[in-house]
2 protein chains.
Amino acid sequence: MQKQETLTKNQKIILDLIEKSDQPLKAYSILFDVKKKGINAPLQVYRALKKLVKIGKIHKIESRNAFIACKNSKCQIAKATIFSICESCEDVTEIHDHKLSEHLRDFKDNKGMKYNKYNLEFFGLCKKCV
Amino acid sequence: MQKQETLTKNQKIILDLIEKSDQPLKAYSILFDVKKKGINAPLQVYRALKKLVKIGKIHKIESRNAFIACKNSKCQIAKATIFSICESCEDVTEIHDHKLSEHLRDFKDNKGMKYNKYNLEFFGLCKKCV
DNA sequence: TAACGCTGTGTAATAATATAACATTTATAA
DNA sequence: TTATAAATGTTATATTATTACACAGCGTTA
Ligand SMILES: [Zn+2]
Ligand SMILES: [Zn+2]
Ligand SMILES: [Zn+2]
Ligand SMILES: [Zn+2]
């Protein structure tokens with residue numbers, strides 16, 4: 001059984017917003033949207049984002065400084081993320097590929113480093129933009 | 001034969017600095033260091049960084065907003081980068097693993113997306129920090 | 001109960017990262 | 001030569017993210 005996190009009011013408001021979008025949202029765009037719900041300052045947004053990332057409800061797209069909801073119950077540990085990003089329309093999709101995930105999970109370098117997380121971003125052109 | 005890029009003065013100054021460091025440097029720390037050489041504004045740094053990334057002389061560590069020199073003549077296309085990052089001491093190493101690179105290069109999703117680039121960052125604890 | 005640690009809140013200020021706009025200069029190509 | 005692309009220098013500004021501080025709520029435990 002997985003521990004069910006209880007989200008606070010601010011966290012819920014922000015998660016709701018991100019989940020309603022199928023594309024990544026930026027922190028200040030989130031801030032703009034939640035002002036009507038009483039969230040007034042950047043820090044309130046960043047604090048909620050940090051928690052949501054930590055518990056795996058959302059992921060940060062590092063190359064875009066944006067946040068997207070995770071739709072895969074299996075990666076809610078936030079430790080293994082793969083995305084494809086269209087450099088033309090900026091469409092982002094989370095990739096779930098068993099073989100690739102396995103390969104990455106099992107990767108060992110020759111420096112004795114102990115990994116506990118990875119993030120992979122593929123860039124290219126989506127079908128619509130080719 | 002590979003086309004040898006001719007770097008401009010600013011680009012050379014900034015590449016030199018980054019190559020002398022074995023760890024990633026941040027843009028404003030670079031700016032601070034090159035002020036004595038007549039580079040005065042952030043934009044001058046960011047323009048040089050952009051070019052150097054484009055020609056593969058340096059890579060951006062996206063999760064850290066920092067830039068590291070590429071020591072591998074083979075990835076000077078800047079299209080296929082893998083890094084390991086220690087979350088304790090922030091040590092960054094570029095990884096060259098033939099099998100993993102091959103796997104990533106050959107990866108195809110089921111959406112018909114055409115990839116031309118990827119960036120992979122592993123996080124964990126290095127030998128010293130375990 | 002009271003004291004404590006932990007997490008979250010609200011607010012203000014500020015730090016850190018990155019780009020826009022403009023005039024000019026330099027390098028390369030036709 | 002002309003023209004065209006790439007780089008420069010400068011000022012201003014936009015965007016992203018954190019520090020600092022006072023306080024509130026909650027569960028643990030002395
Ligand atoms: Zn996910
Ligand atoms: Zn697209
Ligand atoms: Zn490289
Ligand atoms: Zn370390």
Side-chain angles (χ1 to χ4, degrees), chain A residues 3-18 21 23-68 78 85 87 90 92 119 121, chain B residues 3-18 21 23-68 78 85 87 90 92 119 121:
Chain A
K3 182 189 171 196
Q4 186 58 38
E5 292 280 353
T6 309
L7 298 180
T8 65
K9 182 170 144 281
N10 287 1
Q11 290 159 7
K12 268 189 219 120
I13 291 170
I14 288 171
L15 178 57
D16 276 359
L17 182 68
I18 297 175
S21 165
Q23 286 302 302
L25 298 179
K26 309 204 127 206
Y28 276 74
S29 124
I30 291 170
L31 175 58
F32 179 86
D33 285 344
V34 298
K35 277 203 164 148
K36 51 178 106 58
K37 304 225 172 179
I39 295 178
N40 299 300
L43 192 47
Q44 295 174 289
V45 172
Y46 280 105
R47 285 200 278 226
L49 289 173
K50 186 176 178 182
K51 179 66 187 294
L52 293 169
V53 165
K54 192 177 169 199
I55 64 176
K57 292 289 191 184
I58 64 174
H59 303 302
K60 180 171 187 181
I61 310 299
E62 291 288 356
S63 66
R64 298 301 186 258
N65 300 314
F67 300 84
I68 194 168
I85 303 171
E87 291 183 300
E90 291 293 323
V92 173
N119 178 54
E121 297 181 3
Chain B
K3 185 189 170 194
Q4 185 59 39
E5 292 279 352
T6 308
L7 299 180
T8 65
K9 181 170 146 285
N10 287 2
Q11 290 160 6
K12 267 187 219 122
I13 290 170
I14 286 170
L15 178 57
D16 276 359
L17 182 69
I18 297 175
S21 165
Q23 286 302 303
L25 298 179
K26 308 203 127 207
Y28 276 73
S29 122
I30 292 170
L31 175 58
F32 179 86
D33 286 344
V34 298
K35 277 204 165 148
K36 52 177 105 58
K37 304 222 171 179
I39 295 178
N40 298 300
L43 193 46
Q44 293 174 290
V45 172
Y46 280 104
R47 286 200 278 226
L49 289 173
K50 186 176 178 180
K51 180 66 187 290
L52 293 170
V53 165
K54 191 178 169 197
I55 65 177
K57 293 288 190 184
I58 65 174
H59 302 302
K60 181 171 186 181
I61 311 298
E62 291 288 357
S63 65
R64 298 301 185 260
N65 299 314
F67 300 84
I68 193 168
I85 303 172
E87 291 183 300
E90 291 293 322
V92 173
N119 178 54
E121 299 181 2

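Numbers restart at 1 for each chain; the letters A, B, ... are given by sequence-line order, proteins then strands. These numbers come from a predicted model, not from an experiment.
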Would you indicate what A:Lys60 reaches in the nucleic acid, counting non-hydrogen atoms under 4.0 angstrom: base, sugar-phosphate, or nothing?
-> sugar-phosphate
Go through the N and O atoms of the side chain of A:Tyr28 and the base of D:dA17, and report whether any donor-acceptor pair is under 3.5 Å.
-> yes
Side chain to side chain contact (heavy atoms under 4.5 Å, CB included) involving B:Leu43 - partner list, sequence neighbours excluded = B:Arg47
Nearest 0.5 Å please: distance from the OH atom of A:Tyr46 over to the CD1 atom of A:Ile14.
-> 11.0 Å
Candidates A:Ile30, A:Val34, A:Asp33 - the one meeting side-chain contact (heavy atoms from CB on, under 4.5 Å) with A:Ile39 | A:Val34
Check the distance between D:dT16's P and A:Ile30's CD1 and give it to me in whole angstrom.
-> 11 Å
Round to the nearest Å and state the distance from A:Lys51 atom NZ to D:dT18 atom P.
-> 17 Å
Looking only at heavy atoms, what is the nearest atom pair of A:Lys35 and A:Asn40, with distance?
-> CE-O, 3.5 Å
Interatomic distance, CG@A:Leu25 vs CZ@A:Arg64, rounded to 0.5 Å, equals 15.0 Å
Do B:Lys60 side-chain atoms and B:Lys50 backbone N/O form a donor-acceptor pair below 3.5 Å?
-> no
Closest heavy-atom pair, A:Ser63 versus A:Ile85, reported as atoms and distance to 0.1 Å, is OG-CD1, 3.7 Å
Separation of atom CG in B:Leu49 from atom P in D:dA7, rounded to whole Å | 13 Å
At what distance, to the nearest 0.5 angstrom, does CG of A:Leu17 lie from NZ of A:Lys37?
-> 8.5 Å
Euclidean distance, A:Ile18 CD1 relative to A:Leu49 CG, rounded to 0.5 Å | 5.0 Å
A:Lys26 NZ to D:dA17 C1': how many Å, rounded?
-> 12 Å
Any side-chain N or O of A:Asn65 under 4.0 Å from OP1/OP2 of D:dA17?
-> yes
A:Asp16 CG to A:Lys12 NZ distance, which is reported to the nearest 0.5 Å | 9.0 Å
What is the minimum heavy-atom distance between B:Glu121 and B:Ile61, and which atoms define it?
-> OE2-C, 3.7 Å
Within residues 33-48 of chain B, find the residues that approach DNA chain C with a heavy atom at under 4.0 Å, and present them sorted by residue number.
-> B:Leu43, B:Tyr46
For the helix from C:dT1-D:dA30 to C:dA30-D:dT1, what angle lies between the axis at the first five pairs and the axis at the last five pairs, to 10 degrees?
-> 30°
Member of B:Ile55, B:Asn10, B:Leu52 meeting the side-chain contact (heavy atoms from CB on, under 4.5 Å) criterion with B:Leu15 = B:Leu52
Where does the chain A footprint on DNA chain C start and end, counting 5' to 3' with a 4.0 Å heavy-atom cut-off?
-> C:dG8 to C:dA12
Which residues, if any, of residues 9-18 of chain A bring a heavy atom under 4.0 Å of DNA chain D?
-> none
List for me each residue that meets side-chain hydrogen bond (donor to acceptor under 3.5 Å, both in side chains) alongside B:Thr8, sequence neighbours excluded, and say none if there are none.
-> B:Gln11
